[in-house]
Amino acid sequence: MYGDEKKEEFVTLRAGNMSYAKIAETLGIDRKTALRWGLELNPDVEEARRMLRDSLREKLRWSMESRAERIHSIWEKLGQRLENEDFSGLSAEKAAQLFFMVEAKLAGMLSPLNCEPISSLEKELSRG
């Protein structure tokens, strides 16, 4: 009665945690059909969910790597400044404070929950 395209749409919508009632409304099918497909297509739905989770993990990993690279770049610049600075424009205390703040930020990159916006570090640098 319904083609494979409808079932593929069902799998995609269900993998996104849409309710059976909403799927039935969206696809223009009977709610009982949606429930039956839920049982019949559950392995496909679970596979689609796994693929979605994997994709989100990969995006997070790339985002975290990019963020770590940016923070590392700031950390290196501060390290170079401490090595070469005569400290006339930036107090040694302030430079050291910023250096260790960035170093701690790098260490915290192991946990995505410990992230502050990088812009706060950049603001600190611009204040000198």
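Worth saying up front: this structure is predicted, and the values here are computed from it rather than measured.
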Return the set of residues passing side chain to side chain contact (heavy atoms under 4.5 Å, CB included) with E69 (not counting sequence neighbours), or none when no residue passes. none

Who passes side chain to side chain contact (heavy atoms under 4.5 Å, CB included) against E76, sequence neighbours left out? H72

Give every donor-acceptor pair under 3.5 Å between a side-chain atom in residues 21-29 and any protein atom, sequence neighbours left out.
{"from": "T26", "atom 1": "OG1", "to": "K22", "atom 2": "O", "distance (Å)": "2.8"}

Is it the case that more than 12 heavy atoms not belonging to E5 sit under 6.0 Å from its CD atom? no

With side chains defined as the heavy atoms from C-beta onward, is the minimum distance between Q97 and M101 less than 4.5 Å? no

For the atom pair OG (S66) and CD1 (I71), what is the distance rounded to the nearest 0.5 Å? 10.0 Å

Partners passing ring pair (Phe, Tyr, Trp, His ring centres under 6.0 Å) against Y20 (at least two apart in sequence or in another chain): none

Is a salt bridge present between E58 and R61, judged by a nitrogen-to-oxygen distance below 4.0 Å? yes

Side-chain donor-acceptor pairs under 3.5 Å in residues 30-46, sequence neighbours left out?
{"from": "D30", "atom 1": "OD2", "to": "K32", "atom 2": "N", "distance (Å)": "2.9"}
{"from": "E40", "atom 1": "OE2", "to": "K7", "atom 2": "NZ", "distance (Å)": "3.0"}
{"from": "E46", "atom 1": "OE2", "to": "R49", "atom 2": "NH1", "distance (Å)": "3.0"}

Holding to salt bridge (charged side-chain N to carboxylate O under 4.0 Å, His left out), I want the full list of residues that pass it with E47, two or more places apart in sequence or in another chain. R50

